[in-house]
Structures are given as C-alpha cells and as structure tokens.
There are 2 protein chains.
Amino acid sequence: MEQQSAVAALAALAHDARLGIFRLLVVAGNEGLGAGMIAERMEIPKATLSFHLKELNHAGLIESTRDGRSITYSMRPEGIRSLLEFLTRDCCQGRPELCALPTTDCCQ
Amino acid sequence: MEQQSAVAALAALAHDARLGIFRLLVVAGNEGLGAGMIAERMEIPKATLSFHLKELNHAGLIESTRDGRSITYSMRPEGIRSLLEFLTRDCCQGRPELCALPTTDCCQ
DNA sequence: TCCATATTTCCAGTATTATCGAATTATTGC
DNA sequence: GCAATAATTCGATAATACTGGAAATATGGA
C-alpha cells in the first residue's frame with residue numbers, strides 16, 4: 001500500500017461516526033448490513049450516513065451490493081488488512097521489537 | 001485504547017506531511033531528530049512543522065525533549081502499538097481470520 | 001547583558017470536511 | 001403507469017483543519 005492510500009484509509013477511519021460504522025460492519029461479518037439498519041443503529045440521518053459510507057467506500061474499507069430495494073454494506077477485509085500491513089511495516093523499520101503485537105492472543 | 005483516542009491517533013496520521021514525519025521518526029529510532037532537521041528533510045516551513053508536531057504529540061504518537069537550544073522529537077512506541085492493538089482487536093470481532101497479519105515475516 | 005540560534009505561538013486567510021433537509025434516482029408490487 | 005419504499009445526490013451552511021509570515025519565547029555563549 002502506498003502512503004497516499006494509507007492516508008485515505010486513515011482519514012476515513014478518523015471520524016467517530018465512521019469508525020463506529022466500520023466496527024458495526026466488522027461484527028456484521030459477511031452478511032453485511034443494510035444502509036437503513038446502519039442509520040437506525042448509529043442514529044444518524046440518512047443523508048449524513050450516505051456521506052460517510054461513501055468515504056469508507058472510496059478508501060476501500062467497505063463495499064456495497066444492491067439487494068432489492070435496499071443496499072447492503074459490508075467490510076472489505078483486504079482494505080483494513082493492507083492498512084495494518086502498511087502501519088506494521090513502517091513500525092518495523094529499524095525497530096523490530098515494536099512488531100510484537102498481540103495478534104495471536106487476539107485470535108485465540 | 002478507547003475509540004476516542006483511536007480517532008485522535010488516526011486523525012494525527014491521516015495527513016501526508018504528518019505520516020511522513022512519523023515515518024521519519026520511526027527510522028530515526030531512539031536518537032530521535034531535532035525539529036530543524038525534520039523541517040529540512042520534509043521541506044516544510046517551521047511554523048507549519050510545529051503545528052503538525054503538536055498534533056502528533058497530542059495524539060500520543062511522538063514525544064519531545066529539549067536538547068540545549070534545539071528540541072528533539074522521537075516516536076512513542078506505546079502510541080502506535082496501542083493504535084494497532086485497537087484496530088487488530090476490532091478486526092478480530094467475529095472474523096478471526098483477518099488477524100493473520102504478517103507481523104512475524106516483518107520482523108525477521 | 002546582548003546577540004545569535006532554535007523553536008513555538010499568534011493570527012488571519014484559505015481550504016477542506018461535516019451536516020442534513022429537500023429533491024432525485026432506483027426498485028418492487030399492484 | 002403509479003404509489004410506496006430505500007437510498008443517494010444536491011445545495012446551502014456550519015465547523016474544523018491547514019498554512020505560513022511575523023512576533024514571541026527559550027537557550028547558550030561572548
């Protein structure tokens with residue numbers, strides 16, 4: 001991942017509502033969630049939600065599929081993974097000890 | 001790390017100049033770098049640099065120590081580590097497979 | 001003390017981002 | 001085609017962030 005894409009992804013997550021939406025979609029998993037349901041759970045107006053969803057989408061962190069009348073959003077694993085890779089790689093340059101992240105603990 | 005702190009850290013890194021500064025400090029390691037040297041390497045005016053350094057500092061990603069006439073900045077390992085932990089933990093909720101980050105590859 | 005150096009703070013101008021009601025587009029069922 | 005439902009785009013306003021020259025602050029040495 002290039003620095004430019006990393007900045008875009010970081011900016012997309014650097015907002016309370018958007019980070020909340022993203023976390024909601026992580027929990028939702030492959031099923032994803034309809035835009036209406038997200039608006040309801042997050043308690044934000046639909047126009048505002050659309051704005052934030054577009055940001056996350058442009059940054060490659062989520063994706064959407066039309067599902068009849070509604071549109072289902074779900075996280076895009078590759079998006080967050082490449083951001084984490086970028087940050088971790090950066091972190092390692094010259095200071096390998098910083099890479100000792102509890103990724104394994106986290107997954108057991 | 002709370003969501004609020006995560007948003008602050010993400011926002012701090014979500015800027016081309018600041019991400020560049022942070023990466024510079026990661027490479028610089030424990031020695032750190034003087035503000036003047038950072039300004040020179042990044043080719044940005046000192047007033048602008050101060051602004052960005054303050055942002056990174058407030059987010060807990062870097063720290064400073066006065067060193068005679070100059071001020072030395074260095075990365076704050078705990079800052080980036082706790083951000084990565086937050087993101088990784090989030091990522092694991094319901095989807096453990098996403099945690100398979102190349103942290104070990106990265107460090108060998 | 002006075003000067004030179006290093007950096008920050010002030011401040012005003014500019015630019016970008018966020019908010020959300022109203023209008024618009026897309027889809028389904030009758 | 002028409003009405004109902006779901007979501008997006010438009011557009012105007014508000015809020016926040018960025019930029020950098022000029023002034024202020026801190027330090028060390030003569």
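Residue numbers begin at 1 in each chain, while the letters A, B, ... track the order of the sequences.
Residue pairs meeting the ring-ring contact (aromatic ring centres under 6.0 Å, His included) criterion with at least one member in residues 55-81 of chain A, sequence neighbours excluded, do not occur. Screening residues 9-33 of chain B for salt bridge (charged side-chain N to carboxylate O under 4.0 Å, His left out), with sequence neighbours left out, gives D90(A)-R23(B). For residues 42-66 of chain B, there are no salt bridge (charged side-chain N to carboxylate O under 4.0 Å, His left out) pairs, not counting sequence neighbours.
L10(B) is listed as a side-chain neighbour of L83(B), based on a closest heavy-atom distance under 4.5 Å. Two residues are said to be in side-chain contact when any heavy atoms from C-beta on lie closer than 4.5 Å; I38(B) and L25(B) meet this criterion. No side-chain heavy atom of L53(B) sits less than 4.5 Å from a side-chain heavy atom of I71(B).
Here the CE atom belonging to M1(A) is positioned 9.0 Å from the CG atom belonging to L87(A), to the nearest 0.5 angstrom. One distance of note links CG of L19(B) with CD of Q4(A); it measures 9.0 Å at 0.5 Å rounding. If you take CD on E40(B) and CG on L33(B), they are separated by 10.5 Å, rounding to the nearest 0.5 Å.
Each of G68(A) and E55(A) has a nearest nucleotide on DNA chain C; the 5'-most of these lies closest to E55(A).
Looking at L84(B), I80(B), T88(B) one by one, the single match for side-chain contact (heavy atoms from CB on, under 4.5 Å) with T88(A) turns out to be L84(B).
Taking 4.0 Å as the cutoff to heavy atoms of chain B, we find the contact window on DNA chain D bounded by dC18(D) to dG28(D).
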Distances under 3.5 Å only, N/O to N/O: pair up the protein atoms with those of nucleotides 5-12 of chain C.
| unit_1 | atom_1 | unit_2 | atom_2 | d |
| --- | --- | --- | --- | --- |
| dT7(C) | OP1 | A35(B) | N | 3.2 |
| dT7(C) | OP1 | G36(B) | N | 3.4 |
| dT7(C) | OP1 | I71(B) | N | 3.4 |
| dT7(C) | OP2 | G36(B) | N | 2.8 |
| dT8(C) | OP1 | Y73(B) | OH | 2.3 |
| dT8(C) | OP2 | S50(B) | OG | 2.4 |
| dT8(C) | O5' | S50(B) | OG | 3.1 |

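Residues of residues 1-21 of chain A having a heavy atom closer than 4.0 Å to DNA chain C, listed by number: H15(A), R18(A).
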